[in-house]
Protein chains: 2
Amino acid sequence: MAVLKTKRSSNKVPKSRKQILDAAAALFSQHGFDATSLREIASAVNMKAGSLYYHFESKEALILEVLNIGIENIHQNVQNRISSIPENSPFSLILEEAIKGHLEALLEKGDYTSTNIRNYGQIPISIQKLSLDIRNSYEDLWRELLEEGARKGEIKPGVDLKILRLSLLGMLNRTIEWYHEGGLSVDEIAIDQARFFLVGISSESS
Amino acid sequence: MAVLKTKRSSNKVPKSRKQILDAAAALFSQHGFDATSLREIASAVNMKAGSLYYHFESKEALILEVLNIGIENIHQNVQNRISSIPENSPFSLILEEAIKGHLEALLEKGDYTSTNIRNYGQIPISIQKLSLDIRNSYEDLWRELLEEGARKGEIKPGVDLKILRLSLLGMLNRTIEWYHEGGLSVDEIAIDQARFFLVGISSESS
DNA sequence: GATTAAAACTAATGATAGTTAGAATTTTGA
DNA sequence: TCAAAATTCTAACTATCATTAGTTTTAATC
């Protein structure tokens, strides 16, 4: 299969290209990959479907770029959050901050990110693969975060870090299915979810 | 909108009808609602697309039935699990059993259930609504389970039961994105996930 | 074996999808 | 101002989709 080129001629980013990406991200995240037509995306930026092909090689190349931007955004956001607290902060604080960063990018900032979380599983596998590296790099951030918590003894010995990471991120990513504006705030949710994983809900002293 | 009738003439269930449902559930859960054509489903049971209309009124009526069966299956499975342990068991045991039942139905038994978890958000809203009652009834099971845990004092006071329920079920439902046969067993995952929510991962005494 | 009902097929319809080639338009830069 | 480059549009093409009407085949019943 030919590599999907992105038709970005130089390093300056034309205006309409970003507008197309924005519109595509919004529509993909709302209605999904298959249910969103290029005509809808084009219409959202006052264009005709055929014109999109000047900027993107195909519908798949378009969503691929949306997916990648989504991961980059959330990665950056979590990174920034973690960097904003003092070094050698306790693991509990780092975790809470990382969770806040993840949820914030997903729920508030994020058509690109939510497109990724929602649609990654339903796009052609050939396209998924092209997004794997950038995706793994974000997962590595969490892997290292948890490993450090374990190394410093702030995570109980015996905890399976892989199940932990997948479960934690799973919980976070699924919030997109029930979060709605005007309801619970992102911070409320983040704090509670951090607490669940840190100290649990049981009132018994273990 | 006309109510979707199901074309089930009596209470005996014809063989091919179930075969169609099975095939549809398998394909929907793998490729999603939009990406699965009636031709594919028909082909999987050695039929032609048009023939499906003898059994189902539309593609939407077909997935609606798959969705409903999925919820019924998981509801039943969790219910059975809970009933299988002694009454007045501690909350921690009840929770672990419910989690096992949920994951088992989702990951092992479950094309119908996984179709539901994966596709509910991407089918037409008019169809979602037709599945709401049966869906809420399953959510009620969890609501009551957690409320009882709180009433009996086995859940810390102050825990927001709604965020708890949505977070817990979110974690469970997302396992479908990373579980694969031959890897971690369902029971391993269930036990770990129950522990995360019950006592947390922190080694510090809170 | 004839009659009826059930089940599946054939072949078409209209809608919509992604995509493309070439013409028209707008923007840019000398 | 004018030519070249960048951008968008027009108008199709092919493919595929859900759906339907009418026909044929299979199964059941008497």
Side-chain angles (χ1 to χ4, degrees), chain A residues 1-24 27-28 30-67 119 122-124 126-127, chain B residues 1-24 27-28 30-67 119 122-124 126-127:
Chain A
M1 181 198 59
V3 171
L4 291 180
K5 283 183 301 185
T6 197
K7 285 194 177 173
R8 189 157 33 188
S9 46
S10 72
N11 50 359
K12 72 170 185 245
V13 178
K15 187 191 68 177
S16 61
R17 184 187 168 81
K18 173 150 175 31
Q19 291 175 337
I20 294 168
L21 284 167
D22 285 350
L27 289 168
F28 282 144
Q30 284 173 43
H31 308 119
F33 178 67
D34 287 299
T36 301
S37 69
L38 292 182
R39 284 170 175 82
E40 286 178 89
I41 295 171
S43 165
V45 292
N46 292 318
M47 280 190 182
K48 302 293 176 173
S51 309
L52 302 180
Y53 283 80
Y54 178 77
H55 300 277
F56 301 93
E57 201 182 44
S58 65
K59 187 185 183 185
E60 295 182 346
L62 173 53
I63 198 175
L64 174 61
E65 192 154 337
V66 172
L67 293 178
N119 294 282
Q122 52 174 295
I123 62 172
S126 57
I127 306 297
Chain B
M1 182 196 59
V3 172
L4 290 180
K5 284 183 301 186
T6 197
K7 286 195 176 173
R8 188 157 34 188
S9 46
S10 73
N11 50 359
K12 72 169 184 239
V13 178
K15 186 191 67 177
S16 61
R17 184 188 168 82
K18 174 152 175 27
Q19 290 176 337
I20 294 169
L21 284 167
D22 284 351
L27 290 167
F28 282 145
Q30 284 172 44
H31 307 119
F33 178 67
D34 288 300
T36 301
S37 69
L38 292 181
R39 285 168 175 81
E40 286 178 271
I41 295 171
S43 164
V45 292
N46 291 318
M47 281 188 183
K48 301 293 175 175
S51 311
L52 302 181
Y53 283 81
Y54 178 78
H55 300 276
F56 302 92
E57 201 182 44
S58 64
K59 188 184 182 185
E60 296 181 346
L62 174 53
I63 198 175
L64 174 62
E65 192 154 336
V66 172
L67 293 178
N119 293 283
Q122 54 175 292
I123 62 172
S126 55
I127 306 297

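Here is the naming used below: chain letters follow the sequence lines, and residue numbers restart at 1 for every chain.
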At under 4.0 Å, does any side-chain N or O of [X] touch on OP1 or OP2 of [N]?
X	N	answer
B/Y54	C/dA8	no
B/S51	C/dA7	no
B/H55	C/dA6	no
B/S16	C/dA8	yes
B/S37	D/dC17	yes
B/Y53	D/dT19	yes

Rounded to the nearest angstrom, tell me the gap between atom [atom1] in [X] and atom [atom2] in [N].
X	N	atom1	atom2	result
B/L52	C/dA8	CG	P	9 Å
A/R39	C/dA17	CZ	P	6 Å
B/R17	C/dA8	CZ	C1'	16 Å
B/F56	C/dA8	CZ	P	11 Å
A/I63	C/dG18	CD1	P	11 Å
B/D34	C/dA15	CG	P	20 Å
B/E57	D/dT19	CD	P	9 Å
B/K59	D/dT20	NZ	C1'	17 Å

Closest to the [X] side chain: [options]?
X	options	result
B/M47	D/dA18, D/dC9, C/dC9	C/dC9
B/L38	C/dG18, D/dC9, D/dT19	D/dT19
A/K48	D/dT10, C/dG18, D/dT8	D/dT10
B/A49	C/dC9, D/dT19, D/dT8	D/dT19

So, do [X] and [Y] sit near enough that their side-chain heavy atoms are less than 4.5 Å apart?
X	Y	value
B/L21	B/F56	yes
B/L67	B/I123	yes
B/Y53	B/L38	yes
B/I41	B/L62	yes
A/L64	A/E60	no

* To do: Mind running side chain to side chain contact (heavy atoms under 4.5 Å, CB included) on B/M47 and B/Q19 for me, showing each step along the way?
  => CA-CA 11 Å; B/M47 281 188 183; B/Q19 290 176 337; 6.0 Å; no
Quick one: which protein N/O atoms are closer than 3.5 Å to N/O atoms of nucleotides 23-25 of chain D? Pair and distance per line, please.
none

* Can A/I20 and A/R17 be said to form a side chain to side chain contact (heavy atoms under 4.5 Å, CB included), step by step? -> CA-CA 5 Å; A/I20 294 168; A/R17 184 187 168 81; 5.6 Å; no
* State whether the side chain of B/K59 and the backbone N or O of B/F33 hold a donor-acceptor pair below 3.5 Å, judged by distance alone. =>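 Present.
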